[in-house]
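What follows is one structure encoded as structure tokens, with my remarks underneath.
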There are 2 protein chains.
Amino acid sequence: MAERGRPRGFDADAALDRAIEVFWRHGYEGASLADLTTAMGINRPSMYAAFGNKEDLFRRAVARYAEADMAYAREALAQPTARAVIETFLRTNADALTRPDRPAGCLSVQGGLAGGSDNGHIAQFLADSRAAGEKALADRLSQAATEGDLPSDADPVALARYVMVVSEGNAVHAAAGATRAALQATVNIALKAI
Amino acid sequence: MAERGRPRGFDADAALDRAIEVFWRHGYEGASLADLTTAMGINRPSMYAAFGNKEDLFRRAVARYAEADMAYAREALAQPTARAVIETFLRTNADALTRPDRPAGCLSVQGGLAGGSDNGHIAQFLADSRAAGEKALADRLSQAATEGDLPSDADPVALARYVMVVSEGNAVHAAAGATRAALQATVNIALKAI
DNA sequence: TTGATTCAGTACCGAGCGGTACAGAACAGC
DNA sequence: GCTGTTCTGTACCGCTCGGTACTGAATCAA
């Protein structure tokens with residue numbers, strides 16, 4: 001497959017990484033195309049040719065974010081015991097929420113919570129994305145339950161929801177400027193409920 | 001003080017209540033003046049004469065929200081024991097987040113988390129508002145500690161932060177459509193850490 | 001070299017944004 | 001009556017929004 005025509009003058013993945021940061025910092029509606037294209041180092045028509053439109057760009061950004069910036073979550077799920085899964089997830093999550101080389105908080109939360117009139121499906125999309133993570137955790141904890149790795153009275157679905165609630169609450173705190181130590185101290189307390 | 005001039009044709013407090021719901025559902029930047037004034041039943045100049053501008057209206061809305069819709073928090077602080085304070089707060093909070101006659105979630109979280117370029121001070125204002133609530137809870141728990149009502153190794157500041165993290169995480173879940181029962185089940189688990 | 005194809009860049013579109021000028025309507029005191 | 005004052009309503013302001021037409025430039029195959 002030979003490439004024809006003028007070659008693209010920018011790296012699409014690198015541009016997407018810049019877009020992630022803008023969406024992360026400003027949210028979906030708070031990120032204007034001027035913000036985005038300036039950060040991406042390209043102009044508007046190039047962005048439209050490469051990604052479709054603003055919403056498509058956002059979905060691509062969230063997908064790449066989930067794959068790259070949330071790799072720690074998949075590693076946590078691979079831990080041998082339910083306790084290790086939860087603790088690893090919450091600890092690495094707290095670190096990810098306060099990475100000094102990244103915006104504070106979580107794109108999936110900051111991207112957009114409210115949404116009623118027009119872009120309600122953006123909030124829905126992010127909620128579905130978070131729910132998928134919660135379900136993966138619930139499935140992992142269900143497996144632990146069948147393996148006898150969890151107290152018999154434990155509810156894997158409720159437990160997964162609790163872990164995600166702590167994670168999302170920490171994301172809200174991180175977005176407000178909480179320190180890594182503060183988030184880890186919260187994790188210390190949260191783990192006592194497991 | 002006699003009133004001169006044409007009397008106002010609407011109830012400012014009632015209009016503010018309508019504005020609260022719009023901000024609650026759409027967030028600060030997602031709520032347009034057209035949305036707001038339509039819901040308030042007034043036109044633009046009336047709103048500007050009564051409240052100043054959009055940001056002033058939002059601050060007034062948040063203040064009224066804190067006073068009316070979050071009265072349960074002050075009642076929780078008045079409980080006799082630290083345990084009762086925390087449990088009452090989390091339970092009434094979970095109910096408030098899922099009131100059928102109100103938007104799901106919490107205005108203070110939904111109003112705006114991200115904010116970088118222009119309206120960053122809106123996110124900051126809301127973060128300060130939440131921090132004030134967290135400090136009030138920490139003060140109450142400090143008092144409990146001096147009264148011997150809390151384990152000697154407990155950190156009131158960290159504990160207050162944990163409670164607020166659970167509350168805010170539940171707010172994120174509520175905004176995504178979680179049921180009241182789900183939130184209360186999360187509270188059940190969260191309380192085991194106390 | 002030529003023609004086809006694809007990207008880059010400028011300049012622009014209609015629509016909606018927050019905010020306001022201005023004219024008229026409704027009240028008070030005189 | 002009239003006058004001063006305050007509210008209502010229409011119509012408008014400049015600006016930014018997301019999105020696009022169009023001209024050139026850069027690369028391919030032939």
Side-chain angles (χ1 to χ4, degrees), chain A residues 1-16 18-19 22-23 25-61 111-112 114-123 125, chain B residues 1-16 18-19 22-23 25-61 111-112 114-123 125:
Chain A
M1 167 87 72
E3 299 172 13
R4 296 195 301 178
R6 176 173 174 172
R8 182 173 283 161
F10 61 95
D11 179 351
D13 282 337
L16 193 53
R18 310 281 187 84
V22 176
F23 281 128
R25 258 184 256 274
H26 301 153
Y28 176 74
E29 31 180 24
S32 72
L33 279 187
D35 294 334
L36 290 163
T37 53
T38 298
M40 297 166 87
I42 61 180
N43 44 35
R44 228 170 290 214
S46 296
M47 180 261 140
Y48 274 86
F51 298 101
N53 59 19
K54 185 186 178 184
E55 183 170 339
D56 291 338
L57 175 64
F58 182 70
R59 297 182 121 95
R60 291 272 299 268
S117 54
D118 42 344
N119 57 323
H121 52 299
I122 289 291
F125 165 68
Chain B
M1 171 85 72
E3 298 173 14
R4 296 193 300 179
R6 177 172 175 173
R8 181 174 284 161
F10 61 96
D11 179 352
D13 282 338
L16 193 53
R18 310 281 187 83
V22 176
F23 281 128
R25 256 184 258 273
H26 300 153
Y28 176 74
E29 31 181 23
S32 73
L33 279 187
D35 294 335
L36 289 163
T37 54
T38 299
M40 296 166 87
I42 62 181
N43 44 36
R44 229 170 286 213
S46 296
M47 181 261 141
Y48 274 87
F51 299 100
N53 59 20
K54 186 186 178 183
E55 183 170 338
D56 290 339
L57 174 65
F58 182 70
R59 297 183 121 95
R60 292 272 301 267
S117 54
D118 44 343
N119 58 324
H121 52 302
I122 289 290
F125 165 69

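Each chain gets a letter, A, B and so on, in the order its sequence line appears, and its residues count up from 1.
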Looking at [X], I'd like to know whether one of its side-chain N or O atoms comes within less than 4.0 Å of OP1 or OP2 on [N].
{"X": "A/S46", "N": "C/dA8", "value": "yes"}
{"X": "A/N43", "N": "C/dA8", "value": "no"}
{"X": "B/S32", "N": "C/dC17", "value": "yes"}

If you only use heavy atoms from C-beta on, which nucleotide in [options] is closest to the side chain of [X]?
{"X": "A/P45", "options": "C/dA26, D/dT10, D/dT20", "result": "D/dT20"}
{"X": "A/K54", "options": "D/dG19, C/dG19, C/dT10", "result": "D/dG19"}
{"X": "B/R6", "options": "C/dA8, C/dG24, C/dG18", "result": "C/dG24"}

How close or far is atom [atom2] of [N] from atom [atom1] of [X], stated in whole angstroms?
{"X": "B/R8", "N": "D/dC7", "atom1": "CZ", "atom2": "P", "value": "6 Å"}
{"X": "A/I122", "N": "D/dG18", "atom1": "CD1", "atom2": "C1'", "value": "13 Å"}
{"X": "B/D56", "N": "C/dG18", "atom1": "CG", "atom2": "C1'", "value": "13 Å"}
{"X": "A/I42", "N": "C/dT10", "atom1": "CD1", "atom2": "P", "value": "14 Å"}
{"X": "B/M47", "N": "D/dT6", "atom1": "CE", "atom2": "P", "value": "19 Å"}
{"X": "B/L33", "N": "D/dC12", "atom1": "CG", "atom2": "P", "value": "19 Å"}
{"X": "B/Y48", "N": "D/dC12", "atom1": "OH", "atom2": "P", "value": "19 Å"}
{"X": "A/E29", "N": "D/dG19", "atom1": "CD", "atom2": "C1'", "value": "18 Å"}

Base of D/dG9 paired with side chain of B/R44 (donor-acceptor, under 3.5 Å)
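Answer is no: no donor-acceptor pair is held.
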Whether the side chain of A/R4 and the base of D/dA29 hold a donor-acceptor pair under 3.5 Å is what I'd like checked.
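Flag unset: no donor-acceptor pair detected.
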When rounded to the nearest 0.5 angstrom, what is the spacing between [atom1] in [X] and [atom2] in [Y]?
{"X": "B/T38", "Y": "B/R18", "atom1": "OG1", "atom2": "CZ", "answer": "11.5 Å"}
{"X": "B/R44", "Y": "B/K54", "atom1": "CZ", "atom2": "NZ", "answer": "11.0 Å"}
{"X": "B/L57", "Y": "B/L16", "atom1": "CG", "atom2": "CG", "answer": "6.5 Å"}
{"X": "A/L33", "Y": "A/Y48", "atom1": "CG", "atom2": "OH", "answer": "4.0 Å"}
{"X": "A/E29", "Y": "B/Y28", "atom1": "CD", "atom2": "OH", "answer": "12.5 Å"}

Within the structure shown, what part of the strands sits under 4.0 Å from A/P7 by heavy-atom distance: base, sugar-phosphate, or nothing?
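Touches sugar-phosphate only.
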Report the residue (A/A49 or B/G52) whose heavy-atom-nearest nucleotide on DNA chain C is the more 5′ of the two.
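Its nearest nucleotide being more 5', the pick is A/A49.
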Considering heavy-atom distances to DNA chain D, does B/G5 or B/F10 have its closest nucleotide positioned more toward the 5' end?
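That would be B/G5.
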